[in-house]
Amino acid sequence: MNAQGDKKRAAGTNSSIVVDRCQICDSAELTPVVFVGYLPPVNAMPPIGRRPVEQPAYPAQVLLCRRCRLIQLGLVVDPAILFPPTYPYTSGTTKILRENFAELGREVAALYPLTADDLVVDIGSNDGTLLSNFAAGHRVRGIEPTDAAHLANRRGIPTLISFFNRDAVRQVIAEDGRAKVVTATNVFAHIEDVHEVVGGVLELLAEHGIFITESHYVPSLVETLQYDTIYHEHLRYYSLTSLRYLLEMHGLEVVRARLIPTHGGSIRVYAARKGLYPVSEGVEAILAREREGLTEEKLQDFRQQVVLSKMGLHALLREIKTRGARVYGIGAPSRASTLINYVGLDDGILDCVLEIKGSSKIDKYIPGTLIPVLEESKLFEDQPEYALLLSWHIADELMPKLKAGGFRGQFVIPLPEPRVVAG
Ligand SMILES: [Zn+2]
């Protein structure tokens, strides 16, 4: 992907790349923010019963670029390790995500009326959920490398099965023409060479086209102590300041920005070629807040709060385990692996982690531990006193569901302030 990366990878013995320059602006002035330990790859989940063997772990140090303000990981792990062919596909389409995409469809219709002939392209379109909100009135096209593309095609969302690269862009243009709207939700953080992505977007975008991107919002991460979203698939953590810096490097202007609730706090950004559309006032308001909220002093405070939160969760669980109570974890998203490994939870503290039936993680161990992942039905059949919500950012959606399913115990919410909530 990244030419520089390929070179280093080919020559070196190590397949990971130490980040000594900013991933956006190439500055060498990178300041450490927080270190959440050496983490095993999220997909390193051996089957239950296998004896533990040697296993790699990668440092998860977060750095701040003093020039463009990008917050980023200090190590780029070889994508071949993070995304092996067996990488389990999980759609992760929560209610909050579906509602967000429906709302995006309505917002675009209100702001930038499109004609029936206009094309909307979604990068990393998954099962076509986002595009389904545009398909009734416009031409749509998804670009998606995983098996989810088949699902989209079956439900009538035409999807090119490919990674997002120049070949994919040229194929879409040849078949459908250029796009009036290009969307990319939560792909900006994962792809190694972000400049190549923006270059591809520019090529795909019609002259007056709008590029819409949604990214996990780093001020939300800082304010609500979401250290658990730090793992090696997430190479970059964006503010509007750093996103704007990136887009401007390619001649794109941010014309609108808004905070949205997905993934525990995200930002939706509209951009277009410079000078074509008026810039909404909300953009400067968000940038001003970031100048106050993302200072190095505030980031040092974040580090302190993360450490205190970790110890607080330990103290809370110690109190529970002292009484001999059982604790099951609920949900094994990638963020659960960071939380469990950073806090140091093991199978003596968490009896198991439960996933919904059909999950490919069932009958495996949580990475770096001997905590088994089992089917969710165990929560109701073999009730523990406590359920630790590892997808705590959607606690409001989860708790009523688990109670309705018959769970009678109490909930432990690990972040930002570790606490028990009565069931
Ligand atoms: Zn930078």
Side-chain angles (χ1 to χ4, degrees), residues 1-9 16-36 58-77 79 184 186-202 211 213-223 226-227 229-254 257 259 265-271 274 279 283-284 286-303:
M1 267 188 259
N2 181 331
Q4 188 192 13
D6 286 345
K7 234 180 287 160
K8 283 194 190 171
R9 286 213 172 94
S16 300
I17 299 172
V18 174
V19 173
D20 49 14
R21 292 185 166 270
C22 174
Q23 298 175 39
I24 285 183
C25 77
D26 208 38
S27 165
E29 281 192 71
L30 303 175
T31 309
V33 175
V34 69
F35 179 59
V36 296
Y58 300 93
Q61 185 181 34
V62 177
L63 309 170
L64 166 74
C65 170
R66 301 176 93 165
R67 185 196 287 164
C68 76
R69 313 303 289 175
L70 179 70
I71 291 177
Q72 56 203 292
L73 275 193
L75 188 80
V76 177
V77 177
N186 293 294
V187 293
F188 255 30
H190 300 79
I191 298 173
E192 190 173 334
D193 187 351
V194 73
H195 291 294
E196 186 57 25
V197 177
V198 183
V201 168
L202 266 178
F211 175 48
T213 174
E214 292 182 0
S215 305
H216 191 223
Y217 188 50
V218 77
S220 303
L221 185 158
V222 169
E223 280 157 28
Q226 297 182 52
Y227 64 76
T229 60
I230 298 166
Y231 44 86
H232 292 96
E233 281 90 333
H234 286 172
L235 295 170
R236 293 171 292 272
Y237 305 80
Y238 290 103
S239 58
L240 183 57
T241 307
S242 53
L243 261 177
R244 187 177 68 153
Y245 196 104
L246 166 67
L247 295 170
E248 282 185 352
M249 286 176 81
H250 295 267
L252 286 165
E253 181 175 39
V254 172
L259 306 187
S266 301
I267 186 163
R268 180 185 296 159
V269 172
Y270 290 75
K274 200 165 172 55
V279 176
V283 173
E284 181 46 41
I286 292 175
L287 291 171
R289 277 207 301 278
E290 290 179 358
R291 281 192 290 274
E292 299 289 312
L294 280 182
T295 60
E296 282 176 44
E297 200 182 357
K298 290 268 166 67
L299 292 171
Q300 285 306 313
D301 183 56
F302 165 69
R303 176 171 181 265

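Ligands are counted one by one from 1 in listed order, and the atoms in each one are counted from 1 as well.
- With sequence neighbours excluded, no residue forms a salt bridge (charged side-chain N to carboxylate O under 4.0 Å, His left out) with Glu248.
- Between Lys298 and Glu223 there is no salt bridge, since no side-chain nitrogen of the basic residue lies less than 4.0 Å from a carboxylate oxygen of the acidic one.
- Inspection of the Tyr270 and Arg268 side chains reveals no N or O donor paired with an N or O acceptor under 3.5 Å.
- Among protein atoms, those of element N, O or S found less than 2.8 Å away from the Zn ion (ligand 1) are Cys22 SG, Cys25 SG, Cys65 SG, Cys68 SG.
- Residues forming a salt bridge (charged side-chain N to carboxylate O under 4.0 Å, His left out) with Arg303 (at least two apart in sequence, or on another chain): none.
- Between His232 and Tyr58, the ring planes are perpendicular. Angles over 60° get that label, and only those under 30° would be called parallel.
- Under the rule for a salt bridge (charged side-chain N to carboxylate O under 4.0 Å, His left out), Glu290 has no partner lying at least two apart in sequence or in another chain.
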